[in-house]
Visitor: 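Below: one structure in structure tokens.
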Amino acid sequence: MKTNRAVRTPGGLSVRVDVRTLVVGALLLLVALAASVVLIGTGDFPIPAADVVRTLLGEGDPGQEFIVTELRLPRVLVGLLVGASLGLAGALFQSISRNPLGSPDVLGLGQGATAGALVVIVLFSGTADQVALGALAGGLATGFAIYVLAWKRGVHGYRLVLVGIGVSAIVTAVNGYLLTKSDIVDAARAIVWMTGSLEGRDWDQVWPLLVLCAVLVPLVLANSRGLRTMEMGDDVSYALGVRVERVRLVLMLSAVLLTASATAASGPVGFIALTAPQLARRLTRAPGPNLVPAMCMGAALLVGSDWISQRVFGAGQLPVGVVTGVLGGVYLLWLLVTERRAGRI
């Protein structure tokens, strides 16, 4: 059975479609949306899924409408956007570096955003909005430093990962120093933020992240052909007419912005960017970066993790970053065991 089909548009443009990838992406999106409906109905005042859907369509009673649209929907939307952003950023970095470990978690972007937030918390006792801006600035500064240090007649995957690991170690040490110099109140506030949480998220976090995704996702998808070609090597890409460094710079900047903005909205949520692209690729069994499936997988993982944290421990008792860390650690252990049994390590 053929999984690739060519679709010709009325304008004469021919597009190759991988049917399995399309189906997997659609199913992951449905899983993410279904988990969101269940999550909205979870809490001290449980609401059946059917009533949640009716309320979202504007047919709920005033009490349910307040709970759904004002209290729970913003948190779920932030979870979907953060998960999708991290999944897409992870797929971009892994494809650019041609290394499954080339994710924002390993390269130090999350730690850089954390450093920016800690500077605002510890040195200036900033507000929540100022902490978010500090995280965004820290993530961008770290991404710029990694790109500059990894540049040598271009940015190549192996060097990018090594530089990222080094920068991550340095920034982690800076974060530890900032914590030791803070008072007990600021330190406690910083530790809570560093675990990664969706608690207390409202529409103020939804709109900036939504606007940024609306701009960056189409930009990334427009350059996806060049990204896929670059996986065959820079020489082949140049021969096929791809402006390698331009495409790489645009996609890396997009990935850094996605990671930094997601971290600014929820704190550093671990392992989503690392595991979502790998899980998506295992499901699609397709070569290439699998950008859309990685986005949908990231959204489903984060919303599902938030549901687990609320269902098992109660809302606000366990940050979602703890759950994603546990699930990511289990996945990595399973991956190591399977790779060892296969004789690849």
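Quick note: numbers below take in every heavy atom, side chains included, and nothing from hydrogens, waters or symmetry partners. Since we're looking at a predicted model, the values are computed, not measured.
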Visitor: Spell out, yes or no, whether Leu56 and Leu210 are grouped together once hydrophobic residues are joined by side-chain heavy atoms under 4.5 Å, including indirect joins.
Guide: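 In one cluster: yes.
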Visitor: Does some side-chain heavy atom of Val217 sit less than 4.5 Å from a side-chain heavy atom of Met295?
Guide: yes
Visitor: Which heavy atom in Pro277 sits nearest to a heavy atom in Ile272, and how many Å separate them?
Guide: CD-O, 4.0 Å
Visitor: Looking only at non-hydrogen atoms, find the nearest pair between Ala91 and Pro289 and report the distance.
Guide: CB-O, 3.8 Å
Visitor: If hydrophobic clusters are built from ILVMFWY residues whose side chains come within less than 4.5 Å, do Leu81 and Leu33 share one?
Guide: no
Visitor: Once you round to the nearest 0.5 Å, how far does CZ of Arg281 lie from CG of Leu279?
Guide: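 That separation rounds to 12.0 Å.
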Visitor: Any side-chain heavy-atom pair from Phe93 and Leu109 closer than 4.5 angstrom?
Guide: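 Result yes, sub-4.5 Å side-chain heavy-atom pair found.
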Visitor: Indicate yes or no for a side-chain donor-acceptor contact from Ser261 to the backbone of Leu258 under 3.5 Å, with no hydrogens or angles considered.
Guide: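 The answer is yes, because a donor-acceptor pair under 3.5 Å joins these two groups.
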Visitor: Show the nearest heavy-atom pair for residues Leu178 and Ala115, with the distance to one decimal.
Guide: CD1-O, 4.2 Å
Visitor: Could you tell me whether the side chain of Ser103 reaches within less than 4.5 Å of the side chain of Val106, counting heavy atoms only?
Guide: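 In contact.
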Visitor: In terms of ring plane angle, is the pair Tyr331 and Trp334 parallel, tilted or perpendicular, where the classes change at 30° and 60°?
Guide: tilted
Visitor: Do Val269 and Val326 belong together in a cluster built from hydrophobic side chains that touch within less than 4.5 Å?
Guide: no
Visitor: Look only at the side chain of Arg20 and the backbone of Leu283, and say whether a donor-acceptor pair between them is shorter than 3.5 Å.
Guide: yes
Visitor: Just do the side chain to side chain contact (heavy atoms under 4.5 Å, CB included) check on Ser197 and Ser266 with the steps written out, would you?
Guide: CA-CA 5 Å; Ser197 175; Ser266 65; over 6 Å; no
Visitor: The test is side chain to side chain contact (heavy atoms under 4.5 Å, CB included); show your working for Val215 and Leu219 and say whether it passes.
Guide: CA-CA 7 Å; Val215 174; Leu219 178 63; 5.8 Å; no
Visitor: Minimum heavy-atom separation for Cys296 and Leu28, please, with both atom names.
Guide: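 What the structure gives for the nearest pair is CB-CB, 3.6 Å.
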Visitor: Can any side-chain N or O of Ser224 pair as donor or acceptor with the backbone N or O of Val220 at less than 3.5 Å?
Guide: no
Visitor: To the nearest 0.5 Å, tell me how far Leu253 CG sits from Tyr147 OH.
Guide: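 So the CG of Leu253 and the OH of Tyr147 are separated by 10.0 Å.
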Visitor: Ignoring hydrogens and angles, state whether a donor on the side chain of Thr284 or Asn290 is under 3.5 Å from an acceptor on the partner side chain.
Guide: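 The answer is yes; a qualifying pair exists.
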Visitor: Looking at every heavy atom in both Val68 and Pro74, which two are closest together, and how far apart are they?
Guide: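 Nearest heavy atoms, Val68 then Pro74: O-CD, 4.3 Å.
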Visitor: Mark yes or no for whether Thr324, through its side chain, and Gly270, through its backbone, hold a donor-acceptor pair below 3.5 Å.
Guide: yes
Visitor: Between Leu77 and Val37, is there shared hydrophobic-cluster membership here, with clusters defined by ILVMFWY side-chain heavy atoms closer than 4.5 Å?
Guide: yes
Visitor: Establish, from distance only, whether the side-chain atoms of Glu65 and Thr55 form a donor-acceptor pair under 3.5 Å.
Guide: no
Visitor: Please examine the side chains of Leu160 and Ile146, heavy atoms only from C-beta on, and report whether any two atoms are closer than 4.5 Å.
Guide: yes
Visitor: Nearest 0.5 angstrom please: Ile40 CD1 to Leu71 CG, how far?
Guide: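 The distance works out to 11.5 Å.
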Visitor: Got a second to check how far Asn175's CG is from Met194's CE, nearest 0.5 Å?
Guide: 5.5 Å
Visitor: Which heavy atom in Leu118 sits nearest to a heavy atom in Ala190, and how many Å separate them?
Guide: CD2-CB, 3.3 Å
Visitor: Other residues, nucleotides and ligands only: do more than 12 of their heavy atoms fall within 6.0 Å of CG on Leu57?
Guide: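 More than 12 heavy atoms, drawn from other residues, nucleotides or ligands, come within 6.0 Å of this atom.
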Visitor: With distance as the sole test, does Arg54 use its side chain to make a donor-acceptor pair with the main-chain N or O of Val52 at under 3.5 Å?
Guide: no
Visitor: Nearest 0.5 Å, what's the OG-CG distance between Ser168 and Leu107?
Guide: 8.5 Å
Visitor: Taking side chain as C-beta onward, heavy atoms only, is Leu86 less than 4.5 Å from Leu274?
Guide: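 No - every pair of side-chain heavy atoms lies 4.5 Å or more apart.
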Visitor: Taking Arg225 for its side chain and Leu221 for its backbone only, find out whether a donor-acceptor pair lies under 3.5 Å.
Guide: no
Visitor: Run the side chain to side chain contact (heavy atoms under 4.5 Å, CB included) test on Met252 and Ile96 for me, step by step, so that the C-alpha distance in whole Å, both residues' side-chain angles and the decisive distance to 0.1 Å come before the verdict.
Guide: CA-CA 8 Å; Met252 283 190 63; Ile96 290 172; 3.5 Å; yes
Visitor: Distance from Asp51 atom CG to Asp61 atom CG, nearest 0.5 Å?
Guide: 8.0 Å
Visitor: Are Val330 and Val322 in one and the same hydrophobic cluster, where Ile, Leu, Val, Met, Phe, Trp and Tyr link if side-chain heavy atoms are under 4.5 Å apart?
Guide: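 No, because Val330 and Val322 fall into different hydrophobic clusters, even though each may have its own neighbours under 4.5 Å.
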Visitor: Using a 6.0 Å cut-off, check whether atom CH2 of Trp203 has over 12 heavy atoms from anything other than its own residue.
Guide: yes
Visitor: May I ask you to decide if Thr275's main-chain N or O and Gln278's side chain share a donor-acceptor pair within less than 3.5 Å?
Guide: no
Visitor: Are any of the side-chain nitrogens in Arg75 or Asp306 under 4.0 Å away from the carboxylate oxygens of its partner?
Guide: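 The answer is yes: the pair qualifies as a salt bridge.
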Visitor: Is any side-chain heavy atom of Arg189 less than 4.5 Å from a side-chain heavy atom of Val131?
Guide: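 Sidechains of Val131 and Arg189: in contact.
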Visitor: List the steps, then state whether side chain to side chain contact (heavy atoms under 4.5 Å, CB included) holds for Ile47 with Gln64.
Guide: CA-CA 8 Å; Ile47 303 175; Gln64 291 178 341; 4.2 Å; yes
Visitor: Would you mind reporting whether Thr263 and Trp193 have side-chain heavy atoms less than 4.5 Å apart?
Guide: yes
Visitor: Short question: side chain of Thr195, backbone of Val192 - any donor-acceptor pair under 3.5 Å?
Guide: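 At least one qualifying donor-acceptor pair exists.
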Visitor: Where the side chain of Gln205 meets the backbone of Asp202, is there a donor-acceptor pair that is under 3.5 Å apart?
Guide: yes
Visitor: Under 3.5 Å, is there a donor-acceptor pair between the side chain of Thr42 and the main chain of Val38?
Guide: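 Answer holds: yes.
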Visitor: Side chains of Arg72 and Phe66: does their closest heavy-atom pair fall under 4.5 Å?
Guide: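 Not in contact.
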